[in-house]
Amino acid sequence: MPLRLVKFALSPEHSEPPMFRPPDRLKSSYDAVIIGAGGHGLAAAYYLARDHGIRDVAVLERSYLGGGNTGRNTTIIRSNYLTPEGVKFYDESVRTWQDLSQDFDLNLFYANRGHFTLAHTDASVRTMRWRAEVNKHYGIDSELVSPDQVQQACPQLDLSCGGKAPIQAALYHAPGSIARHDAVAWGYGRGADQRGVEIHQQTEVTGITVKSGRVTAVQTTKGQIETPRVLCAVAGFTPRLLAMVGLRSPLVIHPLQAMVSEPMKPWLNPIVVSGSLHVYVSQTARGELVMGASLDPYELHSTRSTLEFVEGLAARMLELFPFLSQAKVVRQWGGMADMTPDFAPIMGKTPIQGFYLDAGWGTWGFKATPVCGKTMAYTVANDQNHKLITEFSLERFTNYALLGEKGAASVGH
Ligand code: FAD
Ligand code: PYC
């Protein structure tokens, strides 16, 4: 190790400023409590403090900051959705992403790569064309491209997919990007912390008090907190939190797994997704291939990972990229995806006064982190749903007003 580095490490003059303030003791009341220190909860805290002047906020996290789906996802950012509500919402998020590193003064490794969704069947070509037209109508850069154009951008791809499912066309979305997921949680967390928000890790919410239809307090493993406003942003834990306030939702929790290869020289610039083969891949700045597939096909509240997943995904990766047969998988993991029947989120006010929900983010919520933060902060501060989220309310399931985002949610489910 270079001497200079050792000196730097040991010298008190060069100590690195801590990213967060040392944790305070939990107070007995706050203006607002946010449950969950994932990207969504932290982003909401950040914008509550920055844009609405609400700083007496506690973010409560049962485990560690960013340790839920935020730190487990494959970081695909795009806005090529199918419904007008979805397209407008995710477009606002993509715009916010572009300035976020500067906003935080922290490198999020945001990298604009372009995003191909491959179509191997007539039916998927039809869906891609449909998405391209909806996207263009709302000013989103998406187009149907030929196999030759795919090959040009990605010469390593076997267009015949081993002869089993030749690529017929693809949806190309130029704004498609990736970013460093942990840094997003750190950036929002640090920004909130600097503005006075308290982040309490290892602090689990175990109960919520509702009196006369309104939230009054939360119980935690570190004591009770009085508060008139609670934002629940706990992804795969949402059904458990809803049970505490006596609400029901159609959410089901399925594991979603992913894996990463050893680092290799950069060869894959775009993000490549195949719904028919249930596989997607991107290459990070470090050279690793980040790969994922569809949900595990059964409900399970667990982050365990399986050999079956690695074997299946590796086999399908080789149909697209046969030259990878000697590449090593170095890591795999799983998250708990909170799935809605229409593949759109659940956001906004609930029948309980002061209890706000940010959930139903299944396999698609990382890209929405900035826009969720902004719209939920607005909703909590004004006790009024932000206009970009009115169609995402919990009530849509009782009003028969589902959204139909399945064709664009991510890989095939
Ligand atoms: P989380 O990050 O899960 O945060 C919720 C937090 O709440 C957790 O830290 C949890 O510990 C905490 N919590 C739970 N219960 C309590 C309690 N009682 N008290 C206190 N704290 C509690 N999305 C994309 O857009 N692009 C992708 O490429 C993508 N890939 C994915 C790949 C995988 C493998 C997975 C699992 C997900 C993927 N997603 C993707 C989805 C995305 O990760 C999530 O939708 C998003 O991260 C949700 O963020 P969040 O802040 O709502 O939840
Ligand atoms: O939302 O684009 C996405 C995605 C890809 C993989 C998981 N989610």
Side-chain angles (χ1 to χ4, degrees), residues 33-44 58-81 90 93-94 97 115 117 173 176-179 181-182 184-185 188 200-208 218-222 231-241 243-244 253-260 271-273 275 278-282 290-296 303 305 309 332-339 343 345 347 357-369 372-373 376 405 408-413:
V33 163
I34 296 176
I35 313 175
H40 289 214
L42 293 166
V59 182
L60 308 179
E61 169 54 52
R62 67 191 284 278
S63 176
Y64 62 94
L65 182 153
N69 289 348
T70 297
R72 294 163 187 271
N73 81 91
T74 47
T75 84
I76 295 175
I77 297 166
R78 60 189 173 87
S79 57
N80 57 354
Y81 275 74
Y90 293 105
S93 212
V94 169
W97 274 108
H115 181 284
T117 315
H173 178 53
S177 301
I178 51 175
H181 46 16
D182 319 276
V184 175
Y188 275 121
H200 293 273
Q201 302 182 77
Q202 305 284 320
T203 308
E204 181 167 358
V205 171
T206 52
I208 301 173
V218 299
Q219 289 78 48
T220 81
T221 44
K222 295 196 178 151
L231 167 58
C232 177
V234 298
F237 294 83
T238 306
R240 301 181 206 187
L241 272 291
M244 294 178 194
I253 311 300
H254 284 243
L256 182 67
Q257 302 190 53
M259 66 188 196
V260 70
I271 303 154
V272 177
V273 181
H278 302 279
V279 49
Y280 64 91
V281 58
S282 69
V290 176
M291 298 164 273
S294 311
L295 295 164
D296 288 0
T303 56
S305 46
F309 166 80
Q332 68 174 123
W333 65 91
M336 298 197 306
D338 42 333
M339 301 297 296
F343 292 67
M347 295 182 75
L357 195 55
D358 172 89
W361 285 109
T363 68
W364 51 84
F366 176 70
K367 68 180 76 59
T369 305
C372 286
M376 288 312 303
E405 201 64 271
S410 60
V411 282
H413 290 290

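All values reported here derive from a predicted model rather than from experimental measurement. First listed ligand is number 1; within each ligand, the first listed atom is number 1.
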query: Do the side chains of Gln257 and Ser305 get nearer than 4.5 Å, heavy atoms only?
result: yes
Ile76: numbered ligand 2 atoms lying under 4.0 Å from its heavy atoms: 2 (O), 5 (C)
- request: Say whether, by atom type as modelled, one donor and one acceptor occur between the side chain of Thr220 and the main chain of Thr203 under 3.5 angstrom.
  value: no
task: Give the atoms of ligand 2, by number and element, whose distance to some non-hydrogen atom of Trp364 is under 4.0 Å.
output: 1 (O)
- request: Please say whether Thr74 places an N or O atom under 3.5 Å from an N or O atom belonging to ligand 2.
  value: no
message: Taking Ala179's backbone N and O only, do any of them form a donor-acceptor pair with Thr75's side chain (distance below 3.5 Å, no angle check)?
response: yes
- prompt: Do side-chain atoms of Asp358 reach the backbone of Met347 as a donor and acceptor pair under 3.5 angstrom?
  reply: no
message: Can a donor-acceptor pair be found, under 3.5 Å and without considering hydrogens, that links the side chain of Thr238 to the backbone of Gly236?
response: no
query: Under 3.5 Å, is there a donor-acceptor pair between the side chain of His173 and the main chain of Ser79?
result: yes
message: Can you list everything that forms a ring-ring contact (aromatic ring centres under 6.0 Å, His included) with Tyr280? Sequence neighbours excluded, please.
response: none
task: Non-hydrogen atoms closer than 4.0 Å to ligand 1: which protein residues do they belong to? List them by chain and number, please.
output: Ile35, Gly36, Gly38, Gly39, His40, Leu60, Glu61, Arg62, Gly68, Asn69, Thr70, Arg72, Asn73, Thr74, Thr75, Ile76, Thr203, Glu204, Val205, Ala233, Val234, Ala235, Phe237, Leu241, Leu256, Ala258, Tyr280, Gly335, Trp361, Gly362, Thr363, Trp364, Gly365, Phe366, Lys367
message: Suppose I only count heavy atoms of Thr363 and a 4.0 Å limit; which atoms of ligand 2 are within that range?
response: 1 (O), 4 (C), 7 (C), 8 (N)
- prompt: Parallel, tilted or perpendicular: which describes the rings of Trp97 and Phe366, with under 30° parallel and over 60° perpendicular?
  reply: tilted
query: Which one holds for Tyr280 and ligand 2: side chain close, backbone close, both close, or neither close, with close meaning a heavy atom under 4.0 Å?
result: side chain
message: Using only atom types and a distance under 3.5 Å, with no angle test, would you say the side chain of His254 pairs donor to acceptor with the backbone of Asp296?
response: yes
Any His115 heavy atom less than 4.0 Å from ligand 2: no
